[in-house]
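These notes concern the structure reproduced below.
Note on naming: letters A, B, ... go to the chains in the order of the sequence lines (proteins, then strands), and numbering restarts at 1 for each one. Because only heavy atoms are used, hydrogens play no part in the values below, and waters and symmetry mates are left out as well, while side chains stay in.
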There are 4 protein chains.
Amino acid sequence: MKKYILKIDCEDEKGLIYRISDVVFKFNLNIEKNHEFVDHNVNKFFYRAEIIAQNEIDILAIYGSLNAMLGGKANIVLKEAKKKDIIIMATKETHCLGDLLIKHDSNELNANIIAVIANHNDLRNLVEKFNIEFICIKSDGLDRESHEKLILEKLFLYSFDYIILAKYMRILSSNFVSNFINKIINIHHSFLPAFIGANPYKQAFERGVKIIGATSHFVNDNLDEGPIITQDIVRVNHEMSWQEMRKAGRNIERNVLANALDLVFDDRVFVYDNKTVIF
Amino acid sequence: MKKYILKIDCEDEKGLIYRISDVVFKFNLNIEKNHEFVDHNVNKFFYRAEIIAQNEIDILAIYGSLNAMLGGKANIVLKEAKKKDIIIMATKETHCLGDLLIKHDSNELNANIIAVIANHNDLRNLVEKFNIEFICIKSDGLDRESHEKLILEKLFLYSFDYIILAKYMRILSSNFVSNFINKIINIHHSFLPAFIGANPYKQAFERGVKIIGATSHFVNDNLDEGPIITQDIVRVNHEMSWQEMRKAGRNIERNVLANALDLVFDDRVFVYDNKTVIF
Amino acid sequence: MKKYILKIDCEDEKGLIYRISDVVFKFNLNIEKNHEFVDHNVNKFFYRAEIIAQNEIDILAIYGSLNAMLGGKANIVLKEAKKKDIIIMATKETHCLGDLLIKHDSNELNANIIAVIANHNDLRNLVEKFNIEFICIKSDGLDRESHEKLILEKLFLYSFDYIILAKYMRILSSNFVSNFINKIINIHHSFLPAFIGANPYKQAFERGVKIIGATSHFVNDNLDEGPIITQDIVRVNHEMSWQEMRKAGRNIERNVLANALDLVFDDRVFVYDNKTVIF
Amino acid sequence: MKKYILKIDCEDEKGLIYRISDVVFKFNLNIEKNHEFVDHNVNKFFYRAEIIAQNEIDILAIYGSLNAMLGGKANIVLKEAKKKDIIIMATKETHCLGDLLIKHDSNELNANIIAVIANHNDLRNLVEKFNIEFICIKSDGLDRESHEKLILEKLFLYSFDYIILAKYMRILSSNFVSNFINKIINIHHSFLPAFIGANPYKQAFERGVKIIGATSHFVNDNLDEGPIITQDIVRVNHEMSWQEMRKAGRNIERNVLANALDLVFDDRVFVYDNKTVIF
């Protein structure tokens, strides 16, 4: 008995969910959960089901039937629920990376960490404690394009599902990002769309805000503008320096990234129109 | 074009959602939203759909087909989405009642307030400002049974969907409550199951908690033990007296009740096993 | 026995708090609470005390001594703690105004509502239920300057402490605002500094955010840029239209404004450098 | 230039803060921050200051003067602000322990981890990665008293400020605890005082709550009843099993413990009457 995840998204049309259900249910498998959503503004349909099946033949048959029915008009994903393979990119900070390493080590992360790529060597010691490959690709003396080319060469050696930017502090070019649409997940150290850009905690301090936040999102083009997965906030006050705000913010960053990854690794997230649907 | 709400709950069985969808979708109506959930622990199935239909005949036909198919084993509700009729019971406090009156007056409450019943006269002036009937039934010199009998006599004069206890400060007997299963909604001035009973703010103060909350729930038997609809919290600190905690708590009480009522009035809530499913 | 509030802010210097305490405490009055804060970045000192005194002579004496000592270099306010007088400005929405009216009517607002000024007549009926003067000053056919002139003429007829913009939907000119520095309090229907400007809920919807917020702040020049008093947030999801986000946002707006006003009306807020210190 | 922390708590009496300020300020040192609070219900006074001083002589002099003045009636602590020494006790779970190890390793914890004591061996590998002593004291075949005796023998070999129960899953006897009053900090896997005792997530699931929380508190006698330091919550819903609630709860447990430890390690917490004052 294995668990499979079926995800479908396509243009909405009348009776679609009935026709999909018709295919899914007539195989008489055990549907643990299913969710659907239609965005009537843009006429988009989203469907996700968790299916328990004993043999792969049923699954292949469902997939075949759905494909025959929806004829290339839909994105259909039907695959065994399993751990994702991820590459983590980082710079020097440990609060997000460390959380992922600990969870990975305790078998509480629904992902395998294939490698950590950093632009500094500071994190090598921590990463290697956990017997995970650490690759340092320094940017010293390199322009962005050359640096990214070195990273891409490494990345293309691996098979992976997602790149996690766990406080990777360099901006990725559109060119780089275009290789991994809906596959790069960032934790932004602020409550987007406020305080885009460098040192958001200092910006927040200077603006005198009473709440700071963090946002996890896909990076599809502009670093701070991709589809938002999840956000959270923490209260701050006049007694706090921007460094104290940053410290308070780190717990939130860590949590928001962790929550976003749980959702993504469980195949609960659809992306469309620079937004997400999350089941 | 009217909106209808279809709610079904019953024992789960394989293919149920397919068979229900089969009925619902073959009428070719516009399904705005639908949600389903199966609680595998207790083998319960829950389904809710918002259906847009032009004529009542289709709706009657769906209802008939579902009934024929599920043969008395399921609770099936299919009715036009419309404002609920409510009776509010209160005592002296205005923070929950006032919010409902304002929203009702501004046409922002998905309910008609039929009357306000109170055990004191303090709120008469406020309620009558809004041209809503105010009924005072004092308990002076009456035992609980006699007092509740007077209230019941009044209640039975009206047709209504829900009784809202907007800070009604007397305990209702099981006998009273048994007349209105899943129809009485209370706002409990604490974060259930903590601080059950009288003066929870004083209890919270004495316990030195750093967060206080409020809980809205159905009252089905024991006053503080019914199915929870929604909860929220607010932070408190050592500088606050219990009166200040109570003041902070009032905003939360008001909000939690408002949120719970929005869910109930939109027919988004199922009750089972002393719990709720909320779509 | 009356309660007095002492507030002092000035340039910080060594021993300042000792010297102030020296004055305050040698009169042997009952200090209920006192807070101080120094912003070392800008060398600013803030002090607030709640003093219980039997006769005004002591209070005058403290005030005199503090003035003598700090010699015009400090802002010193020492006055009886009492309800503030406020003018509310609004347009058509009732969620913030209604909350203030209910609290005022229940004696739970630490302020007297002197009048409500609106640019439409929609709210007249609600306001007059509570026997509060309602003044409609329409802007039809008037340029901003002429409209504001009419409002100013009315405002100057009254004595008041604060103007509360309870969803007043017109932008106030710098010229208008300059008459009431640190005296106009706005509720901004978004989590500043995000979504400045018109229809923030639509902006938030389009950006696909997972949290929306509200901000209460002083209006000192640019409408959306004044010192922030308090902020709060509520979670939203992909199922919500922008109208549903707006509905969710209204509870937050109402609460945030209520919290901000509690702080301001209790004289707990200092403003400096486009920020607030809140004790 | 070193930072010192002065903490005083005693019975309140008129002029106390003035007399203390008199001592503190006349030495003409740099007071970075100071807070005071009087609980008028129980007539208790609390004071905390951060003092920057160049030489220890001034500090000793202040301490001497305060002692002379308050004559044994007050608890006076005046010491250099420095990292606390801590012993962590744990069982098998890594979410709280791992967070402390990562922060410790990154120099972001205001404490030195002296050793980790566990009643199982599962965590050895993780702890030793970070070159921290791991001591396993199994309870197999031992009654509580004997097991605790073995732990106490180990503990008495070390000098430390606090014992952190980072998901130590055995109940400590009153006898054990009495050795370390206000020195043992626990993370309770629920929102106290709700769901005291075993498997709170299952209790929460069965009660159908919509929010779960975590509480960090001192353990002074009864395991779940000590002075609360901080609390936080996370929303849950009907789709979640109790195991999923537990997973959601773990992030909250980790955060709440981290926040509580930040406060304690910065000497911001006073304990009295089974409550805390937190500056």
Side-chain angles (χ1 to χ4, degrees), chain B residues 35-42 44 46 190-196 200 202-218 224-242 256 259-260 263 268-279, chain D residues 35-42 44 46 190-196 200 202-218 224-242 256 259-260 263 268-279:
Chain B
H35 292 92
E36 65 273 345
F37 170 66
V38 174
D39 184 334
H40 292 288
N41 293 303
V42 294
K44 282 272 187 189
F46 303 89
S190 116
F191 186 75
L192 291 175
F195 306 128
I196 290 175
K202 204 166 176 191
Q203 290 182 55
F205 170 79
E206 279 163 8
R207 183 62 187 88
V209 297
K210 302 302 185 186
I211 283 178
I212 56 174
T215 301
S216 184
H217 62 98
F218 289 102
D224 294 340
E225 301 280 344
I228 293 170
I229 305 167
T230 185
Q231 307 187 286
D232 206 353
I233 57 102
V234 63
R235 294 181 183 282
V236 294
N237 63 48
H238 64 265
E239 288 203 53
M240 297 167 83
S241 64
W242 73 262
V256 168
N259 292 341
L263 295 167
R268 293 172 169 275
V269 181
F270 290 83
V271 178
Y272 77 112
D273 268 14
N274 208 37
K275 291 187 192 183
T276 57
V277 166
I278 296 179
F279 288 138
Chain D
H35 292 92
E36 65 273 342
F37 171 66
V38 174
D39 183 335
H40 292 289
N41 293 303
V42 295
K44 283 272 187 189
F46 303 89
S190 115
F191 186 75
L192 291 176
F195 306 129
I196 290 176
K202 203 164 176 193
Q203 289 182 56
F205 170 80
E206 280 163 7
R207 183 62 188 87
V209 297
K210 301 302 186 186
I211 283 178
I212 56 173
T215 301
S216 184
H217 61 98
F218 289 102
D224 294 341
E225 300 281 344
I228 293 170
I229 305 166
T230 185
Q231 308 186 286
D232 207 354
I233 57 101
V234 63
R235 293 181 184 282
V236 294
N237 63 48
H238 64 265
E239 288 204 51
M240 297 168 83
S241 63
W242 72 261
V256 168
N259 292 341
L263 294 167
R268 293 173 169 276
V269 181
F270 291 83
V271 178
Y272 77 110
D273 268 15
N274 207 38
K275 291 188 191 181
T276 58
V277 166
I278 295 180
F279 288 138

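Looking at B:Asn237, there are no atoms closer than 4.5 Å to chain D (heavy atoms on both sides), in backbone or side chain.
Panel note: side chain B:Arg235, backbone D:Gln231; a donor-acceptor pair is recorded below 3.5 Å. A donor-acceptor pair under 3.5 Å is absent between the side-chain atoms of B:Arg207 and the main chain of D:Lys275, judged by distance alone. The main-chain N or O of D:Thr276 is found under 3.5 Å from a side-chain atom of B:Lys210 such that the two form a donor-acceptor pair.
Legend: residues meeting side chain to side chain contact (heavy atoms under 4.5 Å, CB included) with B:Asn41, ordered by chain and number and at least two apart, are B:Asp39, D:Phe205. Considering only residues two or more places apart in sequence or on other chains, B:Lys44 meets the salt bridge (Lys or Arg N to Asp or Glu O under 4.0 Å) condition with B:Glu11.
Between D:Tyr272 and B:His238, the distance from one ring center to the other does not fall under 6.0 angstrom.
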